[in-house]
Novice: 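Supplied in structure tokens, the structure appears directly below.
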2 protein chains.
Amino acid sequence: MGGRAVGAKDSRGRRATLQTVADEVGVSRTTVSNAYGRPDQLNKDLRERIFDAARRLGYSGPDATARSLRRGRAGAIGLLFTETLSYAFADPYSVGFLRGVAEVAEASGTGLLLIPMPPRAYGPAGDKDAPVPPGNDDPETAVRNAVVDGFCLYCVPVGHPAKALIRARGLPMVTTDERDDPSIPYVGIDERASARLAAEHIVRLGHRRVAVMVDQVVAPGTSGPATVEEQLASDCGDLQGRLGGYRDALEEVGVDWRSVRVVAAGRNSRSAAASAAAHFLDVADRPTAVLAIGDVLALGVLDACEQRGLVVGRDISVAGFDDVPEAERARLTTVRQPMGEKGRIAGRLLLEPPEEQKVPRIKLPTELVVRATTGPAPH
Amino acid sequence: MGGRAVGAKDSRGRRATLQTVADEVGVSRTTVSNAYGRPDQLNKDLRERIFDAARRLGYSGPDATARSLRRGRAGAIGLLFTETLSYAFADPYSVGFLRGVAEVAEASGTGLLLIPMPPRAYGPAGDKDAPVPPGNDDPETAVRNAVVDGFCLYCVPVGHPAKALIRARGLPMVTTDERDDPSIPYVGIDERASARLAAEHIVRLGHRRVAVMVDQVVAPGTSGPATVEEQLASDCGDLQGRLGGYRDALEEVGVDWRSVRVVAAGRNSRSAAASAAAHFLDVADRPTAVLAIGDVLALGVLDACEQRGLVVGRDISVAGFDDVPEAERARLTTVRQPMGEKGRIAGRLLLEPPEEQKVPRIKLPTELVVRATTGPAPH
DNA sequence: TTGAAAGCGGTACCAT
DNA sequence: ATGGTACCGCTTTCAA
């Protein structure tokens, strides 16, 4: 066997390019380019000769970046997360959504670029149309440098500068946040009405003393009870929607929302929720029901109840949101939302931007799934 | 307020570029470029004036693709999966690994490009040094078009053409497959020795009739018992390693490996494992112990046992591998491997390629974690 | 069928 | 502190 192909350098140690191959074969760059990109534009023999030469020279085909530049297409879409990527993968709900996006991306040969946007202080929200003053470091840099054809926003707070930046780049985006800028295509669920389903179920079972578990209200990592003002100040649309739904159902039967303990776990994790549950589990007037804005949190509450010897479904009721796979195993009452479908639609919206002038706002159906963790209010 | 900034087009409907801004301000492209990339190269006033003009023109900063081309750096690393992306996210082990990679990528402002390589037939493995004949569609296209600075291979079969392609592109890569080409930097664990820990534990408890649960041997989706020949023909290094470890320990105490039922779930999922478990659970000479090559599979076996009223740890023993978070909750005996650390090291290897000539081959420590699912062999 | 020339949008080096 | 100039590697008219 001859000398083994070394990296992708030509004999003089330079990376082989189209030109290198063209010279070797004695044709023009165009022809070589065509050999790869438009096989029908040249005769089969020549094409073979070109590939031969390419192989010999260690040329592995047109450079991806250069091609992207010239074509004006990156061949990838960006997934923008607020959370550290690390956390994004921790919730089965996120994973379900991601899978949906991935499916359609895959099908169209498009890559998925994960873009972390660690929660950081960012300036006041005003002046949304003006591109963010450049020169900042994170997270603007990430958005600006992303080689993508569009962005899928996932849990990006209302008013986040990334949106202005993306718009300024002239790239399409899609959000899953109901309360977001109406000019951004949206796919999601009716958060408020869906949350209401869970709360109505609880109310129907006779519960009047309820607590609510959320991931975070004021700032990431801050756990404990949150005041009504703090709740309303949150910049997370989903949170607002779900709390609103709970509130609707509870106020309808005369429960004062201020009497409802809303507790933040600090982050969206089972163990954090289990700890934070102490805020309402270990007090005198323990609630008879707990509404968690996500299943992962609900599972944590379940853990906490178990630790305290409470029989869930009898001594206390717990309802979640999402219907992640674990929910079934835990017999958790919850609200099912089609996370995979949400992701697929989001992906499609990005890959095949609809013709119509109207900004798409798609709402997917949800459904209450009653299992074993909810039961009649004690006494 | 004035007309709102429309996308990123200038007054004549063209995308604004460096030049546009330069013309507007009356400076050269270089200066504008410096305003963004090297703030210290020009005076503050001018910089402000440039940003002003940029804002006015709807210019959102240097184009990512162009910058990548010129700089010769993509600012992202590719994550190559064999599985459909969809499955990749389903296993907490993968997620853990991914988080590790993500962490270091994040820290260095590097993006993560997910590249799906759906299992498809690909030609014979021979001739690994020759770049794959171009012109094919998937999955070569994905690798060739990926705008990245390096690749992290994750569960890519030995001999997969992607490797030759990456080498031909002259990009660095790292694998987690022990049996892979020794010229590819590697980080992982001693699969064989680690699996042996689990099997030895089982043997020590007196078990001699054992079954093994794997995800897939011959082809994805094919479930059921696998012959020894099929096992040895698998192109998945991890599988081979773990089976080898089990075999070592069992043969050491005189168990004939051919008597060990090795059952494939068809895919790496809890429910698939639960179903496939019927192949050894519902037969006359039911094994007293089950070794699963991954926790997700082990959890499925646990489900299957529960369905049949078997008390795990007494009637039958089950040991997993990985030590995913759920394992603790299920009190599963397993082998712990540092998945996050594995990911971090892989990421680092890619981002800061070591100086040394030697190809890095890093083995991380593992440890047997004995919980409640294993007990003495009955009788 | 093949080739020449003109960019795609920037960055880096070297002068000024 | 600025600007000129070359070039990153490819694709795409358009003409031969």
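All heavy atoms count here, side chains included; hydrogens, waters and symmetry mates do not.
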Novice: Does C/dG3 have OP1 or OP2 under 4.0 Å away from a side-chain N or O of A/Thr31?
Specialist: yes
Novice: Roughly how far, to the nearest 0.5 Å, is the CD1 atom of B/Ile362 from the OG1 atom of B/Thr176?
Specialist: 12.5 Å
Novice: Quick one: do B/Arg49 and B/Asp52 satisfy salt bridge (Lys or Arg N to Asp or Glu O under 4.0 Å)? Show the steps, please.
Specialist: CA-CA 5 Å; B/Arg49 264 175 42 231; B/Asp52 268 5; over 6 Å; no
Novice: Considering the terminal five base pairs at each end of the helix from C/dT1-D/dA16 to C/dT16-D/dA1, what angle separates the two local helix axes, rounded to 10°?
Specialist: 30°
Novice: For the residue pair A/Leu351 and A/Val104, what are the closest heavy atoms and their distance?
Specialist: CD1-O, 3.8 Å
Novice: Can you name the closest pair of heavy atoms from B/Leu153 and B/Leu80 and give their distance?
Specialist: CD2-CD2, 3.4 Å
Novice: Minimum heavy-atom separation for B/Val147 to A/Ala64, with atom names?
Specialist: CG2-CB, 4.0 Å
Novice: Side chains of B/Thr30 and B/Ser33: do they bring a donor and an acceptor to under 3.5 Å?
Specialist: no
Novice: Rounded to the Å, how far apart are A/Asn145 CG and C/dG9 P?
Specialist: 17 Å
Novice: Quick one: is B/Asn43 getting a side-chain N or O under 4.0 Å of the D/dT2 phosphate, OP1 or OP2?
Specialist: yes
Novice: Do B/Arg29 and C/dG10 have a side chain to base donor-acceptor pair shorter than 3.5 Å?
Specialist: yes
Novice: Please work out if B/Gln41 contacts a base, only the sugar-phosphate, or nothing of the nucleic acid, heavy-atom cut-off 4.0 Å.
Specialist: base
Novice: Grab the CZ-C1' distance between B/Arg49 and D/dT2 for me, whole Å please.
Specialist: 12 Å
Novice: For B/Arg144, does its backbone N or O pair with a side-chain atom of B/Arg169 as donor and acceptor, under 3.5 Å?
Specialist: yes
Novice: By the 4.0 Å heavy-atom rule, please label A/Leu42 as base, sugar-phosphate, or nothing.
Specialist: sugar-phosphate
Novice: By nearest atom, which of the nucleotides C/dT11, C/dG9, C/dA4 is closest to the B/Thr17 side chain?
Specialist: C/dG9
Novice: Mind calculating the distance between CZ (A/Arg144) and P (C/dG9) to the nearest angstrom?
Specialist: 17 Å
Novice: Pick out which of A/Asp181, A/Asp180, A/Asp177 makes a salt bridge (Lys or Arg N to Asp or Glu O under 4.0 Å) with A/Lys163.
Specialist: A/Asp180
Novice: Could you state the CZ-C1' distance from B/Arg67 to C/dC8, rounded to the nearest angstrom?
Specialist: 16 Å
Novice: Nearest-Å distance, CG (B/Asp63) to P (C/dG9)?
Specialist: 7 Å
Novice: In this structure, how many angstroms lie between the P atom of C/dG10 and the CZ atom of B/Arg73, rounded?
Specialist: 18 Å
Novice: Judged by each residue's nearest nucleotide on DNA chain D, which is more toward the 5′ side, B/Gly26 or B/Leu69?
Specialist: B/Gly26
Novice: Could you check whether any side-chain N or O of B/Asp149 sits under 3.5 Å from a backbone N or O of B/Ala74, counting only pairs where one atom can act as donor and the other as acceptor?
Specialist: yes
Novice: For the side chain of A/Arg70, counting heavy atoms from C-beta on, which of C/dT2, D/dC10, D/dG3 is nearest?
Specialist: D/dC10
Novice: Determine the interplanar angle of the B/Tyr154 and B/Phe81 rings, folded into 0 to 90°, and report it as parallel if under 30°, tilted if 30 to 60°, perpendicular if over 60°.
Specialist: perpendicular
Novice: Do you know which two heavy atoms are closest between A/Val187 and A/Ala346, and how far apart they sit?
Specialist: CG1-CB, 3.8 Å
Novice: Specify the separation, in whole Å, of atom CG of A/Leu18 and atom P of D/dT12.
Specialist: 12 Å
Novice: Output the rounded distance in Å from CZ (B/Arg169) to P (D/dC10).
Specialist: 11 Å
Novice: Using atom names, set out every protein N or O paired with an N or O of nucleotides 14-16 of chain C below 3.5 Å, distance rounded to 0.1 Å.
Specialist:
none

Novice: Between N or O atoms, less than 3.5 Å apart, protein on one side and nucleotides 13-16 of chain D on the other: list the pairs.
Specialist:
none

Novice: Shortest non-hydrogen contact from A/Ala53 to A/Val21?
Specialist: CB-CG1, 4.2 Å
Novice: Taking all non-hydrogen atoms of both residues, which atom of A/Gly78 and which atom of A/Ile115 are closest, and how far apart?
Specialist: CA-CD1, 4.2 Å
Novice: Reckon A/Ser28 has a side-chain N or O less than 4.0 Å from the OP1 or OP2 of C/dA4?
Specialist: no
Novice: Quick check on D/dG9: is either OP1 or OP2 less than 4.0 Å from any side-chain nitrogen or oxygen of A/Tyr36?
Specialist: no
